[in-house]
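Every value quoted in this text rests on a predicted model; they were computed, and no experiment measured them. Reminder, nothing fancy here: chain letters follow the sequence lines and each chain counts from 1.
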Amino acid sequence: MVISYRSAWWLVFALMASPLLWLMMLAYMGGLGANPIEFITRYLGDWALRSLLVALAATPLKIALGWTWPVRMRRMLGLWAFAYVALHVSDYIIIDQFFDWDAIVKDIIKRTYITVGMATFLILSSLALTSWNGAIKRLGAKTWKRLHRLVYLAGVLGCVHYFMMVKADTLPPAIHAGVLGGLLGIRVWHHLRSRSLDLVTHRRKS
Amino acid sequence: MLIKIRKSWEMRESDVTPEALFKNRRQFLKTGAAALAGGLVGGMLSRHAFAAWPGVGEMLGAVGKSKFDPGEELTPWDAVTSYNNFYEFGTDKADPVNTAQDFQTDPWTVEVAGACAKPGRYAFEDLMKPHPLEERIYRHRCVEAWSMVVPWLGVPLADVIKRLEPLGNAKYVAFETLFDPAQMPGQRRDVLAWPYREGLRMDEAMHPLTLLSVGVYGKTLPPQNGAPLRLVMPWKYGFKGIKSIVKITFVEGQPPTSWNMAARHEYGFYANVNPAVDHPRWSQAKERRIGEFRKRDTLPFNGYGDEVAALYADMDLSKFF
Ligand code: HEM
């Protein structure tokens, strides 16, 4: 079955929106459990990291399977990742801490996992702010590309943040880190291989 | 026997139990769990005849009204029984209510060992039946900075310990949870060093607030709350309240405890509620009472300082946290 890129775009858009819609439905139906605030914080944190992993999967999918459509959609994917991160952080500030700035500042300074989360948030914010075409022109393609490579760091820091907050069960963050490791591994493997292919072709030429 | 002196946590005689039980009954009808409903009927019939210990989810008869009541709104049954840290049944707090329902607590044997005159293997009923049950409404503060108010049923641990006649060199009491990966799916992975272990200094174990609990909201403990018997020390973080106890050992030295073994700098042996000593990764100054939106201030010793602070008079609580 072949569907147009446009329909595929909307389909993926809807898929990326579905965790948020599900959360809203759970909230509406009273399905958030005994501690809804904790549920929301964790749920949005989970989907912030997962949608970031989805965005980071675009290039590896092209490398491994030859698909080009995910790369064409990656701005939308990246902005969804940012949306979940922004919701997660807003939830922390507004619902969890209820604007208790004293406690928030102390958390950011004293709790390393919050410090790491903050750094990740700042990175992803700067990428979201420069995600429009005009920004590429203004920064120059090279600088823009270098800036947007920070997304790998954001993925790593997101996993670190997750690892640092769990009490004893490191399996869930390990699964997310494993997926990230696989995605980055495909890029590294591709990079190394194309470099050695380059060398081969260079040698043939000379 | 109930302790008669009025303390800060017993603001008023409680008439809350009948209302709570009424709510429970409605809850039962709502959930429509046939097995539990059957148990309830059976429990009501056998309320006065206390020949056999009631099954899981059944009413416990002949319970004295609580003198221990902070006068705060009770956390609803639903929340108390669906939001549980019981890693033996999964690490998500929503797991135990789903994975623990087939947990077998009958028959149940508790091994008593170590420095005491009456060691041996006790059938659960034999261990508990000599003691009249009391209801105690306690604040419950989890190390994760949330809290509840729970109407427990049980007997003072001190009464049971006296019967077991500890010897002079028994300075601590160690407790163990059942290890049974077939029934406890959480034990199939080494999230903690199983079996779960906890311990108390002898004076803590003998303190009148320390409860060996067998029930909540008038009924026997549901599996997710630690059936058939667990500890409750309201001035300590919840993880000290070891669940589904199968072994009690009187020892001379401070026993190893599970969370302390997992992360020594995060979970101390004492684990007294203390707003001044943060968990390394989060503040303990405030807590979220389940059902409330804004966080409230955490009280030293969870508000039981008048009763227990003397136990730790000469100790540096930032070191012995
Ligand atoms: C200022 C920035 C951030 C703050 C203040 C923050 C705060 C938090 C808090 C309070 C929790 C819950 C801890 C608990 O319930 O014990 C949490 C969990 C989490 N956060 Fe963040 N976070 C931030 C940024 C991020 C970012 C950028 C990501 C992902 C890219 C992220 C992903 C997660 C994940 C995966 C969890 C674990 C959820 C779970 O337990 O299932 N966070 N964060």
Need one label for [X]: side chain, backbone, both or neither, based on atoms under 4.5 Å from any heavy atom in chain A.
X: B:Asp190; result: neither
X: B:Asp92; result: neither
X: B:Pro280; result: backbone
X: B:Phe293; result: both

Is [X] atom [atom1] crowded by more than 12 heavy atoms from other residues, nucleotides or ligands, each under 6.0 Å away?
X: A:Arg74; atom1: CZ; answer: no
X: B:Glu73; atom1: CD; answer: no
X: B:Arg188; atom1: CZ; answer: yes
X: A:Arg138; atom1: CZ; answer: no
X: A:Met25; atom1: CE; answer: yes
X: A:Phe99; atom1: CZ; answer: yes
X: B:Asp316; atom1: CG; answer: yes
X: B:Arg296; atom1: CZ; answer: yes

Could A:Glu38 and B:Lys93 be called an ion pair, given the rule that one side-chain N must be under 4.0 Å from one carboxylate O?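 Salt bridge flag = yes for B:Lys93 with A:Glu38.
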
Quick one: are [X] and [Y] in side-chain contact, heavy atoms under 4.5 Å?
X: B:Trp259; Y: A:Lys167; result: yes
X: A:Asp100; Y: B:Lys286; result: yes
X: A:Asp169; Y: B:Arg189; result: yes

Using the side chain to side chain contact (heavy atoms under 4.5 Å, CB included) rule, take A:Thr112 and B:Arg281 through it: C-alpha gap first, then chi angles, then the decisive distance, then the call. CA-CA 7 Å; A:Thr112 322; B:Arg281 288 180 286 150; over 6 Å; no

On a heavy-atom basis, which atom in A:Ala168 and which in B:Leu192 lie closest, and how many Å separate them? CB-CD2, 4.2 Å

Where A:Ile95 and B:Arg288 come nearest, the two heavy atoms and their spacing: O-NH2, 3.7 Å

Hey, what do you get for CG (A:Asn35) to OH (B:Tyr83), rounding to the nearest 0.5 Å?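 Result: 3.5 Å between the selected atoms.
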
Separation of A:Ile37 CD1 from B:Arg294 CZ (nearest 0.5 Å): 10.5 Å

Checked B:Met148, B:Glu144, B:Glu266, B:His279 vs chain A; the most non-hydrogen pairs under 4.5 Å come from B:Glu144

Answer key: most heavy-atom pairs under 4.5 Å with chain A among B:Ser82, B:Ser283, B:Ala262 is B:Ser283

Sorted by first residue and then second, give each ring-ring contact (aromatic ring centres under 6.0 Å, His included) pair with at least one member in residues 114-154 of chain A; sequence neighbours left out.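 Only A:Trp144-A:His148 qualify under ring-ring contact (aromatic ring centres under 6.0 Å, His included).
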
Residues two or more places apart in sequence or in another chain: which of them pass ring pair (Phe, Tyr, Trp, His ring centres under 6.0 Å) with A:Trp189? none

Taking the six-membered ring of B:Trp282 as reference, does the NZ or CZ atom of A:Lys110 fall below 6.0 Å from its centre and within a 45° cone about the axis? no

Can you tell me which portion of A:Ile114 sits under 4.5 Å from chain B's heavy atoms? Options are side chain, backbone, both or neither.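 It is neither, since no heavy atom gets under 4.5 Å.
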
